[in-house]
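What you see is a predicted model; the values in this text were computed from it and never measured. Computation of the quantities below employed the complete heavy-atom set of this structure, encompassing side-chain atoms and omitting hydrogens, waters and symmetry-equivalent molecules. For reference, positions follow the sequence shown, starting with 1.
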Amino acid sequence: MEQVQNQESNPRYPKVMTIAGSDSGGGAGIQADLKTFTVLGAFGTSVLTAITAQNTLGVEAVQLLPPDMVRAQMKAVLSDIGTHAAKTGMLGDEAIIRAVAEVIAVYQVPNLVVDPVMVAKSGHHLLLPGARDALINRLFPLAKVITPNLHEAGAVLNREIKSLPEMRLAAKLLHQLGPEWVVVKGGHLSGEAIDLAFNGEEYFELKGMRFPYTPHGTGCTFSAAIAAYLAKGLEVLPALQKAKAFINRAIAEAPVVGKGYRPTNHLAGLYT
């Protein structure tokens, strides 16, 4: 097997790869990930899986890239630049998931964060039918951390999750699918915004504030921040805690840039 280049545990200039779709509105996807990496002091590389036409109101069109093109992008970066961490976002279909998993396994990509993007904030489906099993069987076992929200966790487990005790059970069941850590995001519950992290032995609550508006790109930004902190050499729990603090501030300072959902403010990290 080939290994990615320059995997020192505490790099002076950490490198992070995002494997995700493009958001023409700039609030989520590849654009959100690269902004997050940059603000947190990492060098970002990107692998596009899809092109979307979207804005703050929703997704208007989606075009998936051929799996061979996704594979070629990954190989080009990993064979030369390497990476200290990677994250996946929108993958689209089974063929792309298989291509991504194959390259990650061949190059032994470290610190993989899987954000199992399935549905956009507007309700547009971003993962085609039949791809769920590939995501579970191919990528989850390779992941250092997975970060499903309640809807995604429920879709993976075929069950509804409506309370903190149900989040605990979901985290346990998701952990059995292979990732080292599971973070079930509780933003869709009422009351305090709590994400629940589980490593197979202990549960950890990551608390956040709730705001009177629905932000856009929070899942992408949170998972990108986790990957950036892992690339910088942090252990998982401190990386989760710092990423949670970052996303809390990014939501608190979310700007109004259109007529719909506010995008998270990735520049908030410049002031911390």
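Linking Ile, Leu, Val, Met, Phe, Trp and Tyr whenever their side-chain heavy atoms come within less than 4.5 Å puts M209 and I251 in one cluster. L237 and F222 fall within a single hydrophobic cluster, where Ile, Leu, Val, Met, Phe, Trp and Tyr side chains are chained together by heavy-atom contacts under 4.5 Å.
Distance check, rounded to the nearest 0.5 Å: CD1 of I104 to CG of L112 gives 4.5 Å. To the nearest 0.5 Å, atom OG1 of residue T83 and atom NZ of residue K15 are 7.5 Å apart. Annotation: the span from K232 atom NZ to L40 atom CG amounts to 6.0 Å, rounded to 0.5 Å. Atom CD of E235 sits about 9.5 Å away from atom CH2 of W181, to the nearest 0.5 Å. With rounding to the nearest 0.5 Å, the separation of CZ in R262 from OG1 in T214 is 10.5 Å. L150 contributes atom CG, which lies 9.5 Å from atom OG of S163 (distance to the nearest 0.5 angstrom).
Remark: K144 pairs with E180 by the salt bridge (charged side-chain N to carboxylate O under 4.0 Å, His left out) rule, at least two apart or across chains. A search for side chain to side chain contact (heavy atoms under 4.5 Å, CB included) contacts involving A155 returns M118, not counting sequence neighbours. Scanning for side chain to side chain contact (heavy atoms under 4.5 Å, CB included) contacts around T56 gives V257, with sequence neighbours left out. For A239, the side chain to side chain contact (heavy atoms under 4.5 Å, CB included) test picks out Y229, L230, L234, with sequence neighbours left out. With sequence neighbours excluded, no residue forms a salt bridge (charged side-chain N to carboxylate O under 4.0 Å, His left out) with E166. The side chain to side chain contact (heavy atoms under 4.5 Å, CB included) test applied to V103 returns R71, M74, K75, L78, Y107, not counting sequence neighbours. Partners of K172 by salt bridge (charged side-chain N to carboxylate O under 4.0 Å, His left out), not counting sequence neighbours: none found. In terms of the ring-ring contact (aromatic ring centres under 6.0 Å, His included) criterion, F43 has no residue partners (sequence neighbours excluded). By the salt bridge (charged side-chain N to carboxylate O under 4.0 Å, His left out) test, D195 pairs with K244, sequence neighbours left out.
Heavy atoms of other residues, nucleotides or ligands lying less than 6.0 angstrom from CD of E205 number more than 12. Counting heavy atoms of neighbouring residues, nucleotides and ligands inside a 6.0 Å radius, atom CD of Q176 exceeds 12 of them.
Side chains of L65 and T49 form no contact here, defined as non-hydrogen atoms less than 4.5 Å apart. With a 4.5 Å cut-off on side-chain heavy atoms, T88 and V113 do not count as touching. Contact annotation: the side chain of D93 approaches that of L64 to within less than 4.5 Å [non-hydrogen atoms, C-beta and beyond]. A heavy-atom distance below 4.5 Å is not found between the side chains of Q54 and V62. Put simply, the side chain of L173 reaches to within 4.5 Å of the side chain of L169, judged on heavy atoms. The side-chain heavy atoms of L174 and P148, taken from C-beta on, include a pair separated by under 4.5 Å.
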The test is side chain to side chain contact (heavy atoms under 4.5 Å, CB included); show your working for T52 and M90 and say whether it passes. CA-CA 10 Å; T52 72; M90 176 187 174; 4.1 Å; yes
Please determine whether side chain to side chain contact (heavy atoms under 4.5 Å, CB included) holds for the pair N199 and F204, giving the CA-CA distance in whole Å, both sets of side-chain angles, and the decisive distance to 0.1 Å. CA-CA 9 Å; N199 64 1; F204 304 90; 4.0 Å; yes
I would like to know whether I146 and V183 meet side chain to side chain contact (heavy atoms under 4.5 Å, CB included); could you show each step before the answer? CA-CA 6 Å; I146 64 171; V183 180; over 6 Å; no
Going through the distances and angles, do L91 and L139 end up as a side chain to side chain contact (heavy atoms under 4.5 Å, CB included)? CA-CA 11 Å; L91 297 177; L139 273 184; 3.3 Å; yes
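Contact record, P255 with N265: CD-CB, 3.9 Å, taken as the closest heavy-atom pair. Counting all heavy atoms, side chain and backbone alike, A228 lies closest to V16 at CA-CG2, 3.9 Å. When all heavy atoms of I97 and A131 are compared, the closest pair comes out as CD1-O, 3.5 Å. Between A231 and P14 the shortest heavy-atom distance is O-CB, 3.5 Å. Residues L164 and I194 approach most closely at CD1-CG2, 4.5 Å, considering heavy atoms. Looking at every heavy atom in both residues, F37 comes nearest to G44 through CD1-CA, 3.7 Å.
Using modelled atom types, one finds a donor on one side chain and an acceptor on the other under 3.5 Å when comparing T264 with T221. Side-chain contact of H216 with D23: a donor-acceptor pair under 3.5 Å is present, judged by distance alone.
Identified under the salt bridge (Lys or Arg N to Asp or Glu O under 4.0 Å) test for residues 104-118, with sequence neighbours left out: D115-K185. Pairs passing the side-chain hydrogen bond (donor to acceptor under 3.5 Å, both in side chains) check and including a residue from residues 30-43, sequence neighbours excluded, read T18-D33, S22-Q31, D33-K87. Within the structure, side-chain hydrogen bond (donor to acceptor under 3.5 Å, both in side chains) contacts touching residues 127-139 (residues at least two apart or in different chains) do not occur.
A cation-pi contact, defined as under 6.0 Å to the ring centre and within 45° of the axis, is absent between R168 and F198.
A salt bridge is defined here as a Lys NZ or Arg NE, NH1 or NH2 lying under 4.0 Å from an Asp or Glu carboxylate O, and E102 with R98 fails to meet this definition.
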